[in-house]
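Here is the structure we will look at.
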Amino acid sequence: MKLIGYEWRLREVMAAAGMFSTTKLVPLLEERGVHLSTSQVYRLAAEKPERMNMQALIALLDIFDCTFEELAPRVLLGAEAAATGTTDAAPERGDSATNRLRESGLRPRRAQILPPDA
């Protein structure tokens, strides 16, 4: 299974447009019918949103005259196991040792914590 994600680059897009304060974004959003508090706009810029109102997204694209790919480019996260945070990065396609391990069907076993007297 191929896992995909995205990078949230609102701060970078804002900086490229010469906007370094999230409070300046509030009236621009309001002009487009999106009413968010200053703290909501700050969180929108500072954190990667998991959910987003489509009107707010379209307003951001309009404000910065950018594409969705510029604001939130798609990134490949690798195999499902990589999503657990146990690896640093997704293996490269040319990594023959990783491919052999994957093809062998071997999987790590879950560790068990036993009481000290066992």
Side-chain angles (χ1 to χ4, degrees):
M1 175 186 335
K2 177 169 79 168
L3 295 178
I4 57 171
Y6 64 97
E7 288 182 35
W8 185 240
R9 294 187 175 169
L10 180 56
R11 279 282 194 194
E12 294 170 38
V13 169
M14 288 174 62
M19 186 182 299
F20 300 98
S21 172
T22 57
T23 56
K24 293 182 180 180
L25 191 53
V26 174
L28 297 174
L29 287 167
E30 287 181 356
E31 287 174 11
R32 290 157 178 86
V34 177
H35 304 285
L36 298 174
S37 68
T38 54
S39 62
Q40 288 173 314
V41 173
Y42 174 80
R43 282 194 311 272
L44 186 62
E47 301 170 8
K48 179 179 170 182
E50 293 297 319
R51 293 176 299 235
M52 189 165 183
N53 178 294
M54 289 301 291
Q55 282 184 299
L57 177 62
I58 297 303
L60 289 172
L61 298 178
D62 183 59
I63 290 167
F64 297 109
D65 191 28
C66 66
T67 65
F68 181 78
E69 190 65 24
E70 292 167 322
L71 184 63
R74 178 178 59 113
V75 293
L76 295 176
L77 300 177
E80 188 172 353
T84 63
T86 57
T87 60
D88 291 335
E92 297 293 326
R93 287 185 179 250
D95 186 350
S96 59
T98 302
N99 289 337
R100 283 194 305 270
L101 182 62
R102 195 178 293 140
E103 290 169 2
S104 72
L106 295 175
R107 295 181 52 102
R109 282 192 283 164
R110 181 178 289 251
Q112 293 181 338
I113 299 175
L114 301 173
D117 59 342

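Position 1 is the first residue of the sequence, and the numbers go up from there.
The minimum heavy-atom distance linking Ala45 with Met14 is given by the pair CB-SD, 4.1 Å. Thr22 and Val41 get closest at one heavy-atom pair: O-CG1, 3.5 Å.
In this structure, Met52 CE and Met54 CE are separated by 9.0 Å, a value rounded to the nearest 0.5 Å. Taking CG of Leu3 as the start and CG of Leu76 as the end, the distance is 9.5 Å to the nearest 0.5 Å. Note that the CD atom of Gln40 and the CG atom of Asn53 stand 10.5 Å from one another [nearest 0.5 Å]. Within the model, atoms CE of Met19 and CZ of Arg11 stand 11.0 Å from one another, a figure rounded to the nearest 0.5 Å.
Counting heavy atoms from C-beta on, the side chains of Leu71 and Leu57 come closer than 4.5 Å. Within the 4.5 Å cutoff, the side chain of Phe64 has no heavy atoms near those of the Leu28 side chain. In this structure, Leu29 and Ile63 have side chains that are in contact, with non-hydrogen atoms separated by less than 4.5 Å.
Residue-environment remark: CD (Glu30) exceeds the threshold of 12 foreign heavy atoms within 6.0 Å. With a 6.0 Å radius and a threshold of 12 heavy atoms from other residues, nucleotides or ligands, Lys24 has its NZ atom at or below the threshold.
In terms of the salt bridge (charged side-chain N to carboxylate O under 4.0 Å, His left out) criterion, Glu70 has no residue partners (sequence neighbours excluded). The salt bridge (charged side-chain N to carboxylate O under 4.0 Å, His left out) check on Arg32 picks up Asp62, with sequence neighbours excluded.
Remark: the backbone N or O of Glu50 is not paired with any side-chain donor or acceptor of Trp8 at under 3.5 angstrom.
With Leu60 as the partner, the side chain to side chain contact (heavy atoms under 4.5 Å, CB included) test is satisfied by one option alone out of Val13, Leu25, Val34: Leu25.
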